[in-house]
Protein chains: 2
Amino acid sequence: MNLEEVARLAGVSRSTVSRVLNGSSGVSPATRAAVESAVASMRYLPNQAARSLAGTRTDTVAVVVSEVHDRVFDDAFLTGVLRGVTSGLDGRRAVVAVNPPSVSDVDGCLVVSMDGHDPLPRGLSVPVVLVGRPLSGGLAYVDSDNLGGGVLAGRHLVARGRARVGVLAGPPDVAACVDRVAGFRRALGGSPPAGVVPCALTPDSGAAALAGLLASTPDIDGVFCATDAIAIGAVRYLRSVGARVPEDVSVVGFDDSVAATVCTPALTTVRQSAEDLGNTAAWRLVAELTGEQDLPQSIVLATELVIRESS
Amino acid sequence: MNLEEVARLAGVSRSTVSRVLNGSSGVSPATRAAVESAVASMRYLPNQAARSLAGTRTDTVAVVVSEVHDRVFDDAFLTGVLRGVTSGLDGRRAVVAVNPPSVSDVDGCLVVSMDGHDPLPRGLSVPVVLVGRPLSGGLAYVDSDNLGGGVLAGRHLVARGRARVGVLAGPPDVAACVDRVAGFRRALGGSPPAGVVPCALTPDSGAAALAGLLASTPDIDGVFCATDAIAIGAVRYLRSVGARVPEDVSVVGFDDSVAATVCTPALTTVRQSAEDLGNTAAWRLVAELTGEQDLPQSIVLATELVIRESS
DNA sequence: CTGTTAGCGCCTTCAA
DNA sequence: TTGAAGGCGCTAACAG
């Protein structure tokens, strides 16, 4: 089934059908109606390949997922982003490509990178929008307000009367973690944290980092962790050495992952919406593809403190 | 850059380049080498749209994700499947489509359905492989050995000396849950469960279902839950009424989700590999697309008992 | 406002 | 073993 057949049924030419299908102006209402009813009655769907070949768009965008570091706790983030992306693509198709990105024949590219490097499709000359702030490079991105979330966490621990707080900062090359810690420091103002130690994005690494911190600074009464995964390790370690959470030590995480809700005690954390992130990034890319002007280079989405039992 | 330019550089015709690119036999080694070096030096990539239009394939498959029920705990499953799929597609592109599937221009279709209904793309006349057994319909599918996993769980509780076990069975229209419970019953042999109650796939629903079960059967010493999410609710409820896990009551879940490892006590559960599931389904679809004969209608992947603290 | 025309880049007979 | 030629279904000028 092709344009030709639709045109014949509607009693017009191929071009006219094409015009209607593409929403061009300059088609009389009567003609348009005739074409639309023909399309509907035949259940006609345009051939995407022919469309791409003749036109200038492919109507598909690539979603490049970088999977560099340990990802145990990132699954929910990824599905959330994907969900948001597919719903924000406005009819375009999303092709998923995994790490060494070799995508072609796409109109644009969305990159979900959880580290700060740029796993950018090489030799790809289409608009790109990153999900998550890159540590360097002038590309457009959408990110959660990690800095603001860090501020929320900091103010919360201050409000709880915690005066000697440690920070399990995550990896220094993960922009989200860097920003979270920066925000946290800002909230503490003149009284800096009792200690800031980097760690990997796993509970085990969080536990080990906290053990090291407590060895040198035993009187800590609060811990801010750059992710929930780290916080879960921190809580586990604290309980293993007989410290009560939150009575002796308050713990705050970041992400509002499922794990944060099921662990004991349930984690106070900062929520970000992966779905909004994906949706907004898709929107930004589509806007660029449709030629909108004066688009923001970066978009930052609000985060929110969720108070539970650990603080 | 197109075939023409490559042909010119290699000193042959377009047809010959096309033959080399598509691996047709009947090209002299010398010619083939010349073409390949031209392709490499120009970094030529065929235009996918033109290829689809002229040929008979699109080299892309749809991944249809059905999101019917509460999905809080399914994220890891989905990303696992997706990861497996993309790596099993052998160069083909994966387009993701969400629930009301309206995909076209694909060679085949992978459907990830977590309920038993068939959210099948209507009017799609391409091969389909389901990830997860459908409750009805004669479509090809790949599934975890939920029945076998249920057997493992049952034997385990028997070996632990548990004689009065309850079952939180999940929804009756989710094939995976149905199979898990069937396997569990089989392992118990002549001594049936003390009670089997359906519930939704959430911790809260699991807690409520267990409360109801305990009301009528207070002397239960073991609980098998169709998913980890349900098990987490069960554990929470048991502890809230002062029962010790596992001393008073053993609890076994299913899925080996992240939540199972971080909750207290850590859950004994049955592991399935979402990645293997996706990879195998992709393999099965590709095999059908490449014309392989005598393919199995269903493929079942082994599951594995993971013993932790809750039993 | 509508129809005619010329390709888009590739695969695939058919000849040579 | 290779080349020439036609056409896949559509869009985008260009006429009328």
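Chain letters run A, B, ... following the sequence lines, proteins first and then strands; every chain starts at 1. Excluded from the calculations below are hydrogen atoms, water molecules and symmetry mates; all remaining heavy atoms, backbone and side chain alike, are included. Computed from a predicted structure; not experimentally measured.
- For Leu3(B) and dA5(D), the CG to C1' distance is 15 Å, given to the nearest whole Å.
- In terms of position on DNA chain D, the residue among Leu53(A) and Val12(B) whose nearest nucleotide sits closer to the 5' end is Val12(B).
- Distance check, rounded to the nearest 0.5 Å: CG of Leu301(A) to CG of Asp145(A) gives 9.0 Å.
- Asp276(A) pairs by the salt bridge (Lys or Arg N to Asp or Glu O under 4.0 Å) definition with nothing, not counting sequence neighbours.
- The backbone N or O of Asp59(A) lies less than 3.5 Å from no partner atom in the side chain of Gln48(A), so there is not a single donor-acceptor pair.
- If you walk DNA chain C from 5' to 3' and mark each nucleotide with an atom closer than 4.0 Å to a heavy atom of chain B, the marks span dG9(C) to dT13(C).
- For the pair Ser87(A)/Asn279(A), a side-chain contact is recorded, criterion being any heavy-atom separation below 4.5 Å from C-beta on.
- Per the geometry, CZ belonging to Arg51(A) stands 16 Å off C1' belonging to dC8(D), to the nearest Å.
- Between Asp179(B) and Arg133(B), at least one side-chain nitrogen of the basic residue sits less than 4.0 Å from a carboxylate oxygen of the acidic one, meeting the salt-bridge criterion.
- Looking at Gln272(A) and Asp256(A), their side chains never bring a donor and an acceptor atom within 3.5 Å of each other.
- Comparing dA4(D), dA12(D), dG6(D) by their nearest atom to the side chain of Ser15(A) picks out dA12(D).
- Between the side chain of Glu5(B) and the backbone N or O of Leu3(B) there is no donor-acceptor pair closer than 3.5 Å.
- Across the protein-nucleic acid pair, Arg14(B) atom CZ and dG6(D) atom P stand 12 Å apart, rounded to whole Å.
- When the C1' atom of dT2(D) is taken as reference, atom CZ of Arg32(B) falls 13 Å away, rounded to whole Å.
- If you measure from atom CZ of Arg57(A) to atom C1' of dT11(D), you get 10 Å, rounded to the nearest angstrom.
- Backbone-only contact: Thr31(A) has heavy atoms under 4.0 Å from sugar-phosphate atoms and none from a base.
- Using a 4.5 Å cut-off on side-chain heavy atoms (C-beta onward), Val258(A) and Val258(B) make no contact.
- No donor-acceptor distance shorter than 3.5 angstrom exists from the side chain of Asn22(B) to the backbone of Ser24(B), with no hydrogens or angles considered.
- Residues from residues 16-28 of chain B with heavy atoms under 4.0 angstrom of DNA chain C, sorted by number: Ser18(B), Arg19(B), Asn22(B).
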